[in-house]
Structure formats: C-alpha cells, structure tokens
Amino acid sequence: MDAWLAAALADPRGSAYGDARSALFTAVREERNGPVARLLFGYFEHPDAEARCRTLQLLTDMSWGAQPWHAAAERARSCLADPDGTVRRSAAWLLATADPEHAFDMVREPGSPLDPVARLALVEAMFSSHGDLTGDAATTLAESLRTDPDDAVRLRAALAAVRVAPEEQWPMWEDLALSCLPSAGERLGGPGSKLAVRPGWWWSLALVRQDREEAAYNWASQLLVHPSPVARLAGVDIARGALRRWRGAPDRLSLPLSAALGDADAEVRGEAVSSVCASLDASRLCADVLAAVLEDPGIRTEAAMGLGRVGDQRAATVLSGLVRTGFISRGFVEAVEGVIPPSTDPALWVDAVREALRAADQHCPEDRWHTGCLLAGALAAAVSLGPAAAPLVPDLVALVDTSAPSPQTCRVWVRRRALDVLAALGPAASSAGPALLRCLEREDLADTCAAVLLSVTGERTHAESRLDQLPDTVRAMRRVLPLMECLHAHGGLTPRHAERLSRMAEDPRRLHPRAMRLLWNVQGPSVAPLLLEVVPDYVTDDVFGLDACDLLADMSPFAQQAVPALEALAYRRTRIGVNTGDEDEELRRDERLARAARSALERLSPAQSAGQC
C-alpha cells in the first residue's frame, strides 16, 4: 500500500505503480473484507487530502461487481463530510459504485444533509456509472430531480434524461439544460469525479445516440453565439461530436466554428481550434482563419497542425520549428507529412531535420517507445522530402550504423525509419552502401537493409537471397512482400519469385492485402476476377482502405462490379467505424477514405460520379 501510494503521488504511469496496484487488487479479490481491505479503509484518515482521494478512487475501481460492497460504502459515507471537496466527490463515486441502492436513497432524500459538492457528485455518479440506470430508471430519477433547488443537479438530470427520454420530451429537457447551463455548467465533472466530462459532451452523446443530425447543428450554432462562455464551450463540444459522427458537419458548422476561433474566452478559443483541426474538411474550409491565429501562442501549434494536414504552406515555419525541438503530439506526423510534399522551400526542412537528428543523443532517452519518439517528426519529414533529403545522408548513416541497444527502446524503430529515408533517396544515398552492408549482419534489420541496398545501389543479390530464406507462411508475408515489391520496382521478379507470388493467390481467403497491388502490377488484367473477390471488402479498412480504393481505380475498366462498394463508402451520411484509439484520427481516416472512394469512382464511371456530386 505504501509503495502504491508513493508511486501514485509521484508518477501514476510508472511500472512501480502498476505492480503495486495489481498486488492490491489481487489481495482484495481474494478476501473482499480482509486485512488488505481494512488497511485501505484506514488510509481514509491520511493527513494528505490527495492520498485520501487516491485511496477512494482505488476502492471505486475495486467496487465493480454484482454484489454491493457494504463495508466500503460505509467508510465512503464517513468521507462525504471531508473538509476537502475533491475527497467528497471521490467518496460519492465510491458510495454510488459500492452500494447503488443506498446512493439512490440519499439522492432522492428530501432535505439531504449532503453539501452541494457531495450531492452533485453522487448524482453524477448515479447517472454516469451505474450500469442498470438506463431507460425508464434514468428517466424516473431525472424526473424526481427536475425541480431540484440546485441548478447543477437539474442540469445533470436534464442531460441524462434527454439521452433516454421519448422524443416528445426532448424539448422540455433541452430547455431545462439550456436554462441551467450558464450558471452550473462549470460545476459538472469537477476534481475528484471519475469522469471529468463537460456538459456539452453529455449533450452531444445524446444527440449522436438518437442520430439527431439537424438538432446537433442547430444546438451547436445556437450555443456558439451564447453570451455565456460556458454555453459557448458546450456549443464547441456539440460541434466536435457532430464532426466525428456526420460527414455533413464540416460544411454546416464551418461558419460558426470560424467565428469561435476568435472567441474572447481562451478555453473556448482553444477548444474551437482543436475541433476545427480535428477534421481535414473543416480545416480546409477555415484555413484563412486558422492562418490568422498562427500569431496566437496559445493556439499556434494546433492551428499549424490543422493547416499542415491539408498541405497549407502557411504552417511550414511553425511546423519546421517544432521538428527542430523534437515536438511530440498525436497528429503531428500527419501534419508534417501533409505539408512537405508541395513545399517550395525544402532547405527549411532539411535544416530542421538535421538539427533534430544531431541533437538526438541529448533529448532521446533509451527507454522511450517509438510512439513518443522525439525524432518521429524529423524522420517523417525526411521521408516526405524524397530526393531533397540527400544532404541528410551522413546524419542518417550515423543513426543506422551504431551498436544496438535494448530492443524495447525506440532505437530500432528509429533505425528502420532512417532506412526508409535512404530507400526514398535511392541512388542519391549511394554513400550509405558500406553502412548498409554492415547492417545486413543484424537479423532485426537484414530484410530492410537488403531492400534499401537494392534501392540505393541497384544490387539485387542481397534482396533475392533474403527473400529465398523466408518461408511461404502467412506469418512471413509482412517480410516477404516488401522485398518482392522492391525487386519488382528494380528490374522485375524472377520466374521463381513470380511463381511464388502466384501461389499466394491460390487461396483468396489467405491473400494478404498488400499482395493485391503486387499481383495486379505483375500479372495485370488476368487476375482481375480474383482481386474483385477480395479487394472491395477492404475499401473501409482503416489500414488498407486507401490502397484498396487506389487499386480499384487503377483496375479500370476491369473493376466495374466494385462500383457499389465504392458508392456505399463515398456517399454514406455517417462516418465509418474505425478503431485507431483516437477519435480525431478516426474522423480524418474516414475523410481520406471517402475522398479516395470518390476519386476512384470518378475514374471508374466519370459521368455517374459527376451526376451524384
């Protein structure tokens, strides 16, 4: 317990915290009211309020299950009068999870002795976390709180009810939410709440759940011009939810969101920029306004990333500066890759990448995973530069030609990305040949180095040798196909390798998606019937969808039977279901897939596609 608490107060993301937490869960699971649980209850008397709060939150996580945990609920009730408001909120969440029936009684109790902070937290917990509180149960509880003297309680009840109430009651609950929002919106989801969700998000979830597209646009537009900044923030949240759900949202909401980019309230302004930049289509429509706010230091980075993703060169200076400093953020690599290909000043990027690479040893710790690698932006820029990255060859060789640290670090990933840059340079990177030959001796890099050597020197021997060593198994395809693609691009496949490719296509159900393009490039229209059995199934795939759309377009006029699948993707009203772990990235992935599908349709059936547009 002491180890867990010390780690929680210092760094709750570290391994020591996770190990101690797992041990505590195991002990309590074995004996729910045993000595370890009683030890945890004793920490409710800890003199540090944060320690009390974290202990309550830990017990809340332990409380999920079919049976109430009365011992934990009893201790939680004693903390509802704690002098610290964050602790009182945490205690309310524990009570609602450990003993929902008693929490119901306390919420509905007339003249409740609970202070406003604890009572609101209890209401939030009941509506947010208790799995049985859906449909009629939620509506019943909301109805009992509709005239509550606390406007924050009324607001949370209204937002819960509008999600499950029948259609004829929507106006009543939404009017109640609107009336309470300016005065009480900031009180929802306060410190200590398990779910720190703003009221605009609850409202947005209700609208999305009911598929009320027009209502979402109307409410977002109405709230974005409200005198209260809390209401305007809710408008931004509803707009963002709409952008993530409906494809028509960028066109419908670009004007009100553009106005919000200059909002007097810093939080509203920041959230508006973030919402606009989450969408490629919205970023294009609001590009001039985004460019105008690049002077605002508080939102400059987000605005530059939004502009970069749509190739707007006005973001180049800001983004190249971020590359120099090893900036890390979700979506940053997308922005760099988007802004560089049309760049008219590659020297700006070469200098930025060189500075980042040469400072790598200073700011790139050995224990960092590649998802947070400080060189991710620089290496993405170098790959995107293509032949213009030739001056970087010595720095890239220095990255590749070094001793190998532990494979758990980002260094192996960095070397692979450096090899990608050398492959993109081709003959311009010929001076890297000796270093690549040395890397062939490293098993973890041998496949990649063999392909890069072929791209750089034109020497096929190493790539053919590596390919012949790999087995004909599905698991090995991720190593086989890049080598085959490289050989095909540099002189074509030998007869034995072409025969091997044909064997891959014998069972379409086991055909790797990456092999489809290679089959078409090597065998042409003769494999069109086979490809049309499998390629249309991949057009909505979040990994291979773009390649599938491009392949169908290149197969014209042999891909006419794939037109219905492309039309279903291109002209649907809602976003496709993508699971990348980031809702904004999923939004942009849908936009790219829709654009690729429309482009493919224009090539497959130009007249029909023009009529639908």
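Note that the structure is predicted; figures quoted are calculated from it, not measured.
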[X] side, atom [atom1]; [Y] side, atom [atom2] - distance, nearest 0.5 Å:
| X | Y | atom1 | atom2 | value |
| --- | --- | --- | --- | --- |
| Leu58 | Met62 | CG | CE | 4.0 Å |
| Gln469 | Leu467 | CD | CG | 9.5 Å |
| Phe327 | Thr301 | CZ | OG1 | 5.0 Å |
| Trp349 | Arg324 | CH2 | CZ | 9.5 Å |
| Arg466 | Cys486 | CZ | SG | 14.0 Å |
| Leu501 | Leu519 | CG | CG | 4.5 Å |

Of all heavy-atom pairs between [X] and [Y], which one has the smallest distance, and what is that distance?
| X | Y | answer |
| --- | --- | --- |
| Glu533 | Asp537 | O-OD2, 3.8 Å |
| Leu257 | Ala239 | CD2-CB, 4.0 Å |
| Ile238 | Ser204 | CA-CB, 3.9 Å |
| Met516 | Val534 | CE-CG2, 3.7 Å |
| Gln560 | Leu604 | NE2-O, 2.8 Å |
| Val397 | Ala432 | CG2-CB, 3.6 Å |

* **Intermediate values then yes/no, side-chain contact (heavy atoms from CB on, under 4.5 Å), Leu483 and Leu470** => CA-CA 10 Å; Leu483 287 166; Leu470 297 174; 3.9 Å; yes
* To do: Apply side-chain contact (heavy atoms from CB on, under 4.5 Å) to Leu569 and Arg598, showing your working.
  => CA-CA 9 Å; Leu569 170 60; Arg598 289 192 291 266; over 6 Å; no
Strictly below 4.0 Å, N to O, side chains only: are [X] and [Y] in salt-bridge contact?
| X | Y | answer |
| --- | --- | --- |
| Arg252 | Glu214 | yes |
| Arg603 | Asp554 | yes |
| Asp61 | Lys194 | yes |
| Arg247 | Glu591 | no |
| Asp547 | Arg514 | no |
| Arg500 | Glu506 | no |
| Arg240 | Asp237 | no |
| Arg244 | Asp590 | no |
| Asp281 | Arg595 | yes |
| Asp472 | Arg503 | yes |

* What's the verdict on salt bridge (charged side-chain N to carboxylate O under 4.0 Å, His left out) for Glu585 and Arg589, showing C-alpha distance, side-chain angles and the deciding distance? -> CA-CA 6 Å; Glu585 184 182 341; Arg589 190 70 58 92; 3.1 Å; yes
* More than 12 non-hydrogen atoms from neighbouring residues, nucleotides or ligands closer than 6.0 Å to CZ on Arg510, yes or no? ->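 Incorrect, the count does not exceed 12.
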* Using a cut-off of 6.0 Å, state whether more than 12 heavy atoms not belonging to Arg475 lie near its atom CZ. =>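 Counting other residues, nucleotides and ligands, CZ of Arg475 stays at 12 neighbours or fewer.
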* Side chain Arg572, main chain Arg575, donor-acceptor under 3.5 Å ->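 Between the backbone of Arg575 and the side chain of Arg572 there is a qualifying donor-acceptor contact (under 3.5 Å).
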Does some side-chain heavy atom of [Y] sit less than 4.5 Å from a side-chain heavy atom of [X]?
| X | Y | result |
| --- | --- | --- |
| Val535 | Trp520 | no |
| Ser283 | Leu307 | no |
| Cys277 | Met305 | no |
| Leu357 | Leu396 | yes |
| Met504 | Val480 | yes |

* To do: Verify the distance criterion only: is there a donor paired with an acceptor across the side chains of Ser502 and Gln523 at less than 3.5 Å?
  =>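 The criterion, which ignores hydrogens and geometry beyond distance, is satisfied for Gln523 and Ser502.
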* side-chain contact (heavy atoms from CB on, under 4.5 Å), paired with Val539, selected from Ile576, Leu593, Leu552 ->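 The single option meeting the side-chain contact (heavy atoms from CB on, under 4.5 Å) with Val539 is Leu552.
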* Going through the distances and angles, do Leu437 and Leu453 end up as a side-chain contact (heavy atoms from CB on, under 4.5 Å)? -> CA-CA 8 Å; Leu437 286 171; Leu453 268 170; 3.8 Å; yes
* Among residues two or more places apart or on two chains, list those pairs meeting ring pair (Phe, Tyr, Trp, His ring centres under 6.0 Å) that have a residue in residues 522-555. =>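 Of all non-adjacent pairs touching residues 522-555, those that pass ring pair (Phe, Tyr, Trp, His ring centres under 6.0 Å) are His512-Phe544.
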* Audit row: Leu445, Arg416, side-chain contact (heavy atoms from CB on, under 4.5 Å) steps and yes/no -> CA-CA 7 Å; Leu445 295 177; Arg416 291 186 185 279; 3.9 Å; yes
